[in-house]
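What follows is a single structure, written as structure tokens, with notes after it.
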Amino acid sequence: MNAATREGWVAQRSAVSSARYAGSPFTCAERCATQPSRRCVMSWHVVHLADVAATQWRNGGGLTRELASGPAGADWQWRLSVAEVAADGPFSRFEGVTRWFAVLQGAGVVLRVQTPSDTATPGATTHRLTVHDAPLCFDGAAATDCRLIDGPTQDFNLMLRQACLPARMVRVHANAEELVHASKFVAVYAISTRASVRFNAEELYVPPATLVWRHVTKAATVRIACEHALWMEWSA
């Protein structure tokens, strides 16, 4: 292959590649997700639920897939995970952790959360949670029993230690706009359909059952367009 031919071949390949992505809804985040060795220039971490190995619960009542944590390992300060709950039973207790719980799929659950006896209102509270209800925030150290309403469920968990507060998790339907101040972590989980996330002038498309998260170092506006997703933010 002579030099002129080689240059023409390279230009043709470049044009094909550019055309492929110019009109495509796939942005850097999705291309990075399918090409693990590629560095994502927009600083979003992308985690597909299907790519994460499941861990069996000790009581045999379910499975957990840890999507992200920081720092990684047993001494995490924050953790995001998806659980498959197959049977009634108690939740594991996490001392010093505030927990958010949202039903993703299935008929839902009834949680009975035991309020510690040294609080102003000791006793137990019961919460009926479905895919239509707001995420529940509760003390991770509280004794919590779970009863399935009608068969297995898939649920999202956000767990944070004190240093990561204040924080929140909310459901997003259709459109939402969030003003985020530094220094924060933010995350979006697309539940069963794709979501669009615009971070200032950057935009990415998130496939179903996928988490995207990033560290925000300066004030930013985040716009989300979706059928159903979770928005989360917590202190860095």
Separation of H181 NE2 from K218 NZ (nearest 0.5 Å): 15.0 Å
S235 side-chain N/O to P166 backbone N/O, donor-acceptor pair under 3.5 Å: yes
Cationic tip of R214 above F199 ring, under 6.0 Å, 45° of axis: yes
Verify same cluster id: V212, I191 (apolar side-chain graph, 4.5 Å): no
Side chains of T210 and L49 in contact at under 4.5 Å (non-hydrogen atoms): no
Same cluster (ILVMFWY, side-chain, under 4.5 Å), V131 and V85: yes
hydrophobic_cluster_shared for W78 and V186, side chain cutoff 4.5 Å: no
Cation-aromatic face contact R161/W76, 6.0 Å, 45 degrees: yes
Residue pair V82 / Q154, side-chain heavy-atom distance below 4.5 Å: yes
Any donor-acceptor N/O pair, N200 side chain to E202 backbone, under 3.5 Å: no
Hydrophobic cluster identity match, L211 and I224, side-chain contacts under 4.5 Å: no
Min side-chain heavy-atom separation C226-R194 under 4.5 Å: no
F101 and F138 aromatic centres sub-6.0 Å: no
Within one Ile-Leu-Val-Met-Phe-Trp-Tyr cluster: L230 and V222, side-chain cutoff 4.5 Å: no
Least distance between heavy atoms, I149 atom then A107 atom: CD1-O, 3.7 Å
Any D150 side-chain heavy atom under 4.5 Å of L148 side chain: no
R168 and W234, any side-chain heavy atoms less than 4.5 Å apart: no
Derivation and outcome, salt bridge (charged side-chain N to carboxylate O under 4.0 Å, His left out), residues E178 and K184: CA-CA 12 Å; E178 302 287 345; K184 293 272 191 180; over 6 Å; no
Whether R171 side chain and D133 backbone form a donor-acceptor pair below 3.5 Å: yes
Check: R112 main-chain N/O paired with D145 side-chain donor or acceptor under 3.5 Å: no
Test item: T130 side-chain N/O and H132 main-chain N/O as donor-acceptor pair under 3.5 Å: yes
